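In the text below, chain A, chain B and the rest are named by the order of the sequence lines, each starting its count at 1. All of these numbers come straight from a predicted model, not from anything done at the bench. Heavy-atom basis, side chains included; hydrogens, waters and symmetry copies ignored.
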Amino acid sequence: MFDPVSPQVSFPQLDKEVQRFWDDERIFAKVLEQSKKKPPFVFYEGPPTANGMPHAGHVLTRVMKDVFLRYKSMSGFHVPRRAGWDTHGLPVEVEVEKELGISGRQAIADFGIEPFTKKCIESVFKYTHEWEVMTRRIGFWVDLEDAYVTFHKSYVESVWWALKKLFDKGLLYKGHKVVWWWPQGGTALSAGEVGQGYKQVDDPSITVRFPVKGMPDTSFLAWTTTPWTLPSNIALAVKADADYLTVRLDDGRKLVLAEARAANLLGDRPHEILERRKGQQWVGTEYEPPFRYVEPEGGPAHRVIAADFVELASGSGLVHLAPAFGEDDFAACKSEGLGWLQLLRPDGTFPPEVTDFAGRFCKDADRDIIRNLRTRGLLFKEEVYRHDYPFSWRRMEDPLIQYARESWFVRTTQEIHRVQENNEHVHWEPEHIKRGRFGQFLEGNVDWALSRERFWGTPLPIWVNDETGDVVAVGSVEEILERNPRAFDHFYEAQRRDRSLADHLMVHKPWIDHVTWTERGKPGVYRRVPEVIDCWFDSGCMPFAQWGYPHVKEQRKKFHKAFPADFITEAVDQTRGWFYSLMTISTLLFDEEKYPHPFKNCVVLGLLTDEQGRKMSKSLKNYTDPLELMESAGADAVRWALYSATVPGQNTRFFDRATKEAISKFLLKIWNSYAFFVQLANIDGWDPTAPRPAVGGRPPMDRWVLAELDHTVRSVRRELDDYKSHLAVRHIEGFVDALSNWYVRRSKPRFWAQGESADKAAAFATLYEVLVETTKLIAPFVPFMSEAIFQNLVATRIPKAPRSVHLAAFAEPSVERVDESLRRAVQLSRAVVAAGLRVRADTKLKVRQPLSKAIVAVADEMERVTIQRFERIIRDELNVEEIAFTDELETYVDYQLLPNFRALGPRLGKHLPACKAALAAADGAALYAQLRTKGSVVLALGGERFELGPDDIQVRLVAKAGFAAAEEQGHVVVLDTQITPALHRAGLAREVINRINKARKEMDLPIGARVHVGWEADGELAEAIAAHAETIAAETLASRFERGLGEGRLHEAEVSGDGLRFSLRPEEA
RNA sequence: GGGGCACUAGCUCAGGUGGUUAGAGCGCACCCCUGAUAAGGGUGAGGUCGCUAGUUCGAGUCUAGCGUGCCCCA
């Protein structure tokens, strides 16, 4: 006996039971143990930062990881899944700042770096619990207990090892460059980080007069969207080969601007063109800058230079240059040997020298700067410019600015060709990421701005001799101890004072900053530089740092075994983040490895959006929290909805409705088939361990559903091997629909047949096998429901069966089940049924009304035999007494002959349209007859003669007008619509059955309840009832069915115009 | 301004290697079933496949240009 199964199922409740089972039985651990000797399938978990709440996007990535990992695991691989936590960097510091209500580097320094660091450690795991709850709830199996943690000493040492290697290769250097600077945070950000923080804003766009020296009343017009950089102006840039006009305005003042921009800037303002010059002719001309608080150092300034990047699509054709605040500006001024001016402090405020705006934050001062220019008559035009501008990805209200700064860089540009070569070997899903988004990013690669002038991060392991300037990179704690055995005394001292200080912290600020050493016989002390590094570098080191490689000797083997990864997946925002850092670091470090590394397959997921395609955001509240959704619909429904909606690389519109559909269209179909099976198997006392009939000996219906199953198994495996989960899902949905809507529906009577029969045995065996295989097929997608079914059908019933579906092998192809002709036969039969039903609808002949025959017109004998295999079912579905095949096709149909384009295209080429026309014009019936008798026909086309065989021509049958006929895929079904008196009576009887059953339902009688019926009717209706009394009684479960009203509720109904009255009462028990 | 992606039925989306009747679900209309039943099933209506050129015997599919939207970056 199976445990009874109710068709009413609470999936959330089911989840909880399954989860408890997994926990009690340690199933996840057993999966790993059981597969230990199997070949590994390597997966890298991109470490999330646990100091923020998990959201819907995280659910998607975890679910997507899970399906492939479970699939590989069931397919005979050993699939370790180690969790990881990203613990360093700005995200954490910013959270702590918020918590402490402070902001900025100075505030942190005032608070104290040691207590601040301690706060960071606390904060790192603030939401770990929420992450674990979410992870468990969606059924993502990952080893959380053995998670790698980026701030741990061994991890940091691995990162140091990597950096030392880069340093020794000359790939780590300190440079003065314009970086994206976060003033409030007091640090530079990497290209990847900047990419995280764009948003659309309105900025002022102003056109300013720069008076030309030696030309009274004449000014250059220059354009800028950053007024606050004007005090640091060094030069103006023109396009050398563009034309520049000198014009006189109606007020007598003269302006110089690009001719291409004149119409736009001057509009219909009256002006007189005085002169036209090439940009080149203005080069070297000096001008008076709008502000002159401090004189530039190190070279001449305030003159016109030529530059390539000047565009004529916007602005005035003259660009204001402030080398301290723009990458292009920096390069241009440097190559011209011009001076330098940086009138902005690192915190984004103006220094005292800028008397008018001293102490003001740069962007906040824009309005006053504009006002100042206006009062001095230097402002020509002011507009608002809407564009995307980067903000701090951790605090979106803080704008970034371009700012020249000393910073440490990784010289990625030198080796980028190797990264590109590596990238060529990676399988990206979708494919276009390789050459598109990711490839383009590599194309435009700039050196990695690595250092952060912050506190909580992997310290940059560079020590500098304070006298000689000698620079050393350090790769481990041990290396330091070799130089100075007492280097960490300061830390141990601190640890004695505060016993809670973990050993991991010895490699962190502020303690690491006290680590110094000297070298015998040499002057000076080696002290560490103050910076920490970009936390994206940390996560990029994860393939080796998770094992503490190479320092932790016992784990070196683990690293080599788990490198490179077979599979990773994250969202598209990681192209410039983790995907980049992983691949770049790996390429730079592991010269000897063969490409690709450190990952072979990468599935890139799009963003989750709401129903309107808008980004999901907490502030908009435009989505239901996935956890809530799972509470009402269950984890499997959410998972299935995500799999069926998510195409890699594309945004996924996700909404509650999709989850509901997943339940009704998928989960419930399987569940109902399963509940149906269990119910009847239990009634019948069916034993799953008893021998079952051979597949070959079972009826066509059974062999068909097994063939469909096998076809589906093959398709699903192929798609999953290809990382195309969305396609796998479609195959499964198609099969489940076939199972539920055709196999189970059509096979029902076989299951409730009385007594023993080969047919019933085959039906039970087949449905059981199909359900078990399906369970294994869908287990990676819907791990909870599949487990519940598997437990009941297999695990607790079959001796030596796996304890869990996830310990079982994935559904496998079976040669025994393949039967393409049978699949085709059912497809044909269903087409015939569909056509017949359409005829009925067209002619308004209810299916309830039996008809004598359906005539099927087929083009060849094969199809006829094929259709006959399912004759009984077709008869039943169409409610006809007979299926006939006509020899006189011409009576009902026309032949339409078409070339088989795929076959003839290459052969006929240009003659194809003529061929099509010739076939259409010919007498189809005659030509077809010829084709059948002689095996070929000859056509003359454009002077040439072509012999066409049966495979070159496709025949379509088209129903002739005037018949109750319909066609479907080239087959015609004709219904004999003549209703004889006998048929009419049979129809009436069906109507009566229908009325009585309706009445049963109205009275809320239990489904199996026996009833007594007494009836009254006249004329033909009475004759019909009398003639079919037995059938009516059987179909309405009437143990007594008598003429004349009896006891019970009285019902009146109308049956095709005649009155019917009957009494109905349940039989006493 | 550059790069990437998308544009297919009222809505949400599928449509390897080009093959001539473009599919599904939801919604809608009509119908069936009443032994999966506060379920199930069927039939139908609905599409110039964003637009315009081109390649080809043949284009939703390939090429180019344009338009609209989203993402990424200047």
Distance in angstrom units between [X] [atom1] and [N] [atom2], rounded:
X: Glu1035(A); N: U34(B); atom1: CD; atom2: C1'; value: 10 Å
X: Arg830(A); N: G41(B); atom1: CZ; atom2: C1'; value: 10 Å
X: Asn423(A); N: G4(B); atom1: CG; atom2: P; value: 15 Å
X: Asp952(A); N: G19(B); atom1: CG; atom2: C1'; value: 14 Å
X: Arg902(A); N: U20(B); atom1: CZ; atom2: P; value: 7 Å
X: Trp671(A); N: A39(B); atom1: CH2; atom2: P; value: 18 Å
X: Arg990(A); N: C33(B); atom1: CZ; atom2: P; value: 7 Å
X: Asn672(A); N: G35(B); atom1: CG; atom2: C1'; value: 14 Å

Evaluate the side-chain proximity of [Y] to [X]: yes if any heavy-atom separation is below 4.5 Å, no if none is.
X: Leu898(A); Y: Lys916(A); answer: yes
X: Phe870(A); Y: Val832(A); answer: no
X: Arg435(A); Y: Trp428(A); answer: no
X: Asn423(A); Y: Lys434(A); answer: yes
X: Phe735(A); Y: Val770(A); answer: yes

My understanding is that a pair needs two contacts under 3.5 Å, Watson-Crick or G-U wobble. By that rule, which nucleotide pairs with [N]?
N: C49(B); value: none
N: G40(B); value: C32(B)
N: C7(B); value: G67(B)
N: G19(B); value: C57(B)
N: A14(B); value: none

Subject >> Shortest non-hydrogen separation from Cys915(A) to Leu939(A) and the atoms involved >> reply: SG-CD1, 4.1 Å
Original post:
Considering all heavy atoms of both residues, which atom of Val847(A) and which atom of Asn879(A) are nearest to each other, and what is their separation?
Top reply: O-ND2, 2.6 Å
With rounding to whole Å, what would you report as the distance between [N] and [M] at their [atom1] atoms?
N: G27(B); M: C71(B); atom1: P; value: 31 Å
N: C13(B); M: G19(B); atom1: C1'; value: 25 Å
N: G50(B); M: U8(B); atom1: C1'; value: 10 Å
N: A24(B); M: A14(B); atom1: C1'; value: 7 Å
N: U55(B); M: C28(B); atom1: P; value: 47 Å
N: A39(B); M: G44(B); atom1: P; value: 26 Å
N: G58(B); M: U20(B); atom1: C1'; value: 7 Å
N: A22(B); M: G47(B); atom1: P; value: 12 Å

Subject >> His1051(A) and its side chain to side chain contact (heavy atoms under 4.5 Å, CB included) partner, picked from Lys998(A), Arg995(A), Met1003(A) >> reply: Met1003(A)
Less than 4.0 angstrom between a side-chain N/O of [X] and OP1 or OP2 of [N], yes or no?
X: Arg848(A); N: C33(B); value: yes
X: Lys665(A); N: C26(B); value: yes
X: Asn994(A); N: C33(B); value: yes

Assign [X] to base, sugar-phosphate, or nothing according to its heavy-atom contacts below 4.0 angstrom with the strands shown.
X: Ser644(A); answer: nothing
X: Leu908(A); answer: nothing
X: Leu668(A); answer: nothing

Subject >> Pair Glu383(A)-Trp223(A), side-chain donor/acceptor within less than 3.5 Å >> reply: no
Original post:
Asn741(A) or Asn997(A): which one's nearest nucleotide on RNA chain B is closer to the 5' end?
Top reply: Asn997(A)
**OP:** On RNA chain B, check which nucleotide each of Glu661(A) and Lys846(A) is closest to and give me the residue with the more 5' one.
**Re:** Glu661(A)
Kindly give the atom pairs (protein nitrogen or oxygen, nucleotide nitrogen or oxygen) under 3.5 Å for nucleotides 54-59 of chain B.
residue: C57(B); atom: O4'; partner: Gly909(A); partner atom: O; Å: 3.2
residue: C57(B); atom: N1; partner: Gly909(A); partner atom: O; Å: 3.4

Subject >> Evaluation steps, ring pair (Phe, Tyr, Trp, His ring centres under 6.0 Å), between Tyr580(A) and Trp536(A) >> reply: CA-CA 9 Å; Tyr580(A) 173 74; Trp536(A) 292 94; over 10 Å; no
Show me the protein contacts with nucleotides 45-48 of chain B, counting only N or O atoms at under 3.5 Å.
none

Original post:
Between the base of C71(B) and the side chain of Arg437(A), is there any donor-acceptor pair under 3.5 Å?
Top reply: yes
Please determine, for the side chain of [X], which listed nucleotide ([options]) has the closest atom?
X: Lys669(A); options: G41(B), U37(B), A14(B); result: G41(B)
X: Arg838(A); options: G44(B), U21(B), U37(B); result: G44(B)
X: Gln8(A); options: G40(B), A38(B), G3(B); result: A38(B)

**OP:** For the pair Glu877(A) and Arg830(A), find out whether any cationic side-chain nitrogen is under 4.0 Å from an anionic carboxylate oxygen.
**Re:** no
Original post:
Where the side chain of Ser725(A) meets the backbone of Tyr643(A), is there a donor-acceptor pair that is under 3.5 Å apart?
Top reply: no
